[in-house]
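Have a look at the structure below before the remarks.
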Amino acid sequence: MTLLARSISALCVLGGVAAAERTVTVAPAKVHPGDPVLVTVTGTSDAPRGKAGGAELQFFPAKAGFQAVLAVPLNVNEDHILVEFTAGPKPLSIPIVVKTFPETNVTVEEDYADPPKADRVTIDADNTAIGASYAKARGAPQFAHGFHRPPGAVTSTFGEWRTFNDGHRAQHLGLDFAAREGSPVAAIDDGIVALVRDTFLAGTVVVIAHGGGISSLYFHLSKASVAEGDKIVQGSKIGLAGHTGRTTGPHVHLSIHVPGGMVDPASFIKLPIYPTVKLAAHTSGHRLPNRVLSAQR
Ligand SMILES: [Zn+2]
C-alpha cells in the first residue's frame, strides 16, 4: 500500500510534447491490472481527445489543463497500456506490472454459488442495466473535490479470487467495508443517481454518475433511499447497509467504474483529480455527520 501510494503521488512525465508547451503526465507511473490511471494534459486550451486500451478518454477541464481517468483492465494480457491522442501529443506507453491477487473460498447458499437458469437470465439483465448506467457518467464532472473513502475496516480487497462452494470462481470487482446492518451509506462524492435496482448477486444496488466517465456503485444495501435522477452531494445518505444478494454478512461493497473497466477503489481514491467544472447540485438527503465520513479515511 505504501509503495502504491508513493507511486501515485510521484507524477511522472512520460513524454509526448507535440505543441509548444504541451505536456502529458500520468499517475501512477507504473500500474497493475485493475488500477486506475489519471492522464493530465497541460499547455492546451482545447480538450484533448484520445483512447487507451480501446476505451475513449473522457477529458474534463482541471486545475491545470485537462484530466481523464482510465482503467487498466483486470484481464489485460499485454505488458503495457497505450494512451493515444487523436491530435497533438505522441502516444504514451505505460508499463503494466503483473499482480497476483489473493485467493479465498466462500460458502454461500447453493443458488448463489451455482445459480439456476432462470436466475442466470436475471443476472444477465442486471449486468446489462448496470453496464448501461455507465453512459450517464459521461460529460462534465459533477464533483469539485476528492472522493471520500467509506468508513469501516476493509474486509475484502479488489481483485481477490473467490471460489464459491468449491466450484464457480469469480474475481471481486470492488472493495468491501465492514458495516452494521441498517447503518447509513454515504455517497463518496457529488453526482447524479444513475441506477437503483434490486439485483440477484449484488442485492440492492445504487450507481452514482460523477461525470468524467466515473461511476461509483454500492452493493448489498438493505434499502436504497434515493431515486434515479436525484442529484446528491458528497456524504449524503443513499441507503442503508445490508446483506442482500450473494453475501456472507452485512457490509458495504464499493465499486468504481471508469472508461476501460472496474478499478481498485483504494487506488482510485488516492488519484490527484482536480476538476474545475461543477454543476449545481441539490441534495436529496441529509449530509451525514462528519465523524462518520472521516472515520478511518
Ligand atoms: Zn464486495
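For the single chain, residues carry numbers from 1 onward in sequence order. Whatever order the structure lists them in is the order used to number ligands and atoms, beginning at 1.
One finds no salt bridge joining Glu103 and Arg162 here, because no Lys/Arg side-chain nitrogen approaches an Asp/Glu carboxylate oxygen to under 4.0 Å.
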Below 3.5 Å, can you tabulate the donor-acceptor pairs from side chains in residues 252-262 to any protein atom, sequence neighbours excluded?
| unit_1 | atom_1 | unit_2 | atom_2 | d |
| --- | --- | --- | --- | --- |
| His253 | ND1 | His172 | NE2 | 3.2 |
| His253 | ND1 | Asp176 | OD1 | 3.1 |
| His253 | NE2 | Ser255 | OG | 2.7 |
| Ser255 | OG | Leu173 | O | 2.8 |

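Of the candidates Thr44, Thr42, Thr40, Thr23 forms a side chain to side chain donor-acceptor pair (under 3.5 Å) with just one, namely Thr42.
Of all N, O or S atoms in His172, the one lying closest to the Zn ion (ligand 1) is NE2. Distances from the Zn ion (ligand 1) to the N/O/S atoms of Asp176 are shortest for OD1. When distances from the Zn ion (ligand 1) to the N, O or S atoms of His253 are compared, ND1 comes out shortest.
A cation-pi arrangement is absent between Arg49 and Phe85, since the terminal nitrogen or guanidinium carbon is not both under 6.0 Å from the aromatic centre and inside a 45° cone about the axis.
Taking 2.8 Å as the criterion, His220 does not count as a coordinating residue of the Zn ion (ligand 1), since none of its N, O or S atoms falls below it. Within the 2.8 Å limit, His251 places no N, O or S atom next to the Zn ion (ligand 1).
Contact of the Val37 side chain with the Ile94 side chain is registered, since non-hydrogen atoms from C-beta on lie closer than 4.5 Å.
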